Amino acid sequence: MVCRICWVSGRVQGVFYRGSAQRRAHELGISGYAYNLADGRVEVLVCGESSQVDTFIAWLWIGPAAASVTGVETAEHEPAERPSAFRIA
């Protein structure tokens, strides 16, 4: 089990990015969160099996049809408490 934190930039707010990320996370059976940052990026925490996390991060570069992703920064992350589901805020 691994956790990674990601910061997604581009046109990713107001285009159903977080909701689409939640749907994709549920399909893959991974947990975490996605929320909008004040600077226009979306922060995403993803926890799960390594291959599932890699698949999800590859999806972050695509996002929903209305999104235009220009960057995804990732870092290993060990949260104080692992989330049990994928939430959006």
Side-chain angles (χ1 to χ4, degrees):
M1 181 80 82
V2 298
C3 289
R4 293 196 187 116
I5 193 160
C6 308
W7 297 275
V8 185
S9 55
R11 189 177 67 219
V12 292
Q13 292 189 13
V15 294
F16 198 61
Y17 195 91
R18 293 173 299 141
S20 296
Q22 183 181 44
R23 182 179 307 133
R24 185 69 177 130
H26 285 235
E27 291 170 359
L28 292 169
I30 55 180
S31 62
Y33 63 73
Y35 68 86
N36 289 338
L37 297 174
D39 65 5
R41 296 178 300 161
V42 173
E43 181 175 299
V44 180
L45 174 69
V46 58
C47 298
E49 296 301 321
S50 183
S51 62
Q52 295 166 313
V53 168
D54 290 343
T55 298
F56 183 80
I57 291 173
W59 178 89
L60 291 177
W61 279 96
I62 300 165
S68 178
V69 178
T70 59
V72 178
E73 297 175 53
T74 64
E76 296 293 323
H77 184 69
E78 188 57 46
E81 187 174 315
R82 288 183 184 242
S84 60
F86 195 93
R87 296 179 179 20
I88 57 175

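What you are looking at is a predicted structure, and each value in this text was computed from that prediction instead of being measured.
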(request) Drop me the distance from Cys6's SG to Arg41's CZ, to the nearest 0.5 angstrom. (result) 11.5 Å
(message) Rounded at 0.5 Å granularity, tell me how far CD1 in Ile62 sits from OG in Ser20.
(response) 12.0 Å
(message) Please tell me whether Tyr33 and Gln22 have a donor and an acceptor in their side chains that are separated by less than 3.5 angstrom.
(response) no
(message) Looking at Ser68 and Gly10, would you say the former's side chain and the latter's main chain have a donor-acceptor pair under 3.5 Å?
(response) no
(message) Is it true that Glu43 and Trp7 share a donor-acceptor pair across their side chains at a distance under 3.5 Å?
(response) yes
(request) Please write out which residues are connected to Val15 in a hydrophobic cluster, directly or through intermediates, given that two of Ile, Leu, Val, Met, Phe, Trp, Tyr count as joined at side-chain heavy-atom separations below 4.5 angstrom. (result) Val2, Val8, Val12, Tyr17, Leu28, Ile30, Val42, Val44, Val46, Val53, Phe56, Ile57, Trp59, Leu60, Trp61, Val69, Val72, Phe86, Ile88
(message) Nearest 0.5 Å, please: how far is CE in Met1 from CD in Gln52?
(response) 8.5 Å
(request) Would you please name every residue forming a side chain to side chain donor-acceptor pair (under 3.5 Å) with Arg4, sequence neighbours left out? (result) Asp54, Glu76
(request) Write down the atom of Gln13, the atom of Gly40, and the distance for their closest heavy-atom approach. (result) NE2-C, 3.2 Å
(message) A side-chain contact here means heavy atoms from C-beta on lying under 4.5 Å apart; do Cys47 and Ser31 qualify?
(response) yes
(message) One pair to check against side-chain contact (heavy atoms from CB on, under 4.5 Å): Arg87 and Ser84. What are the steps and the verdict?
(response) CA-CA 9 Å; Arg87 296 179 179 20; Ser84 60; 4.3 Å; yes
(request) Would you mind reporting whether Arg24 and Glu27 have side-chain heavy atoms less than 4.5 Å apart? (result) yes
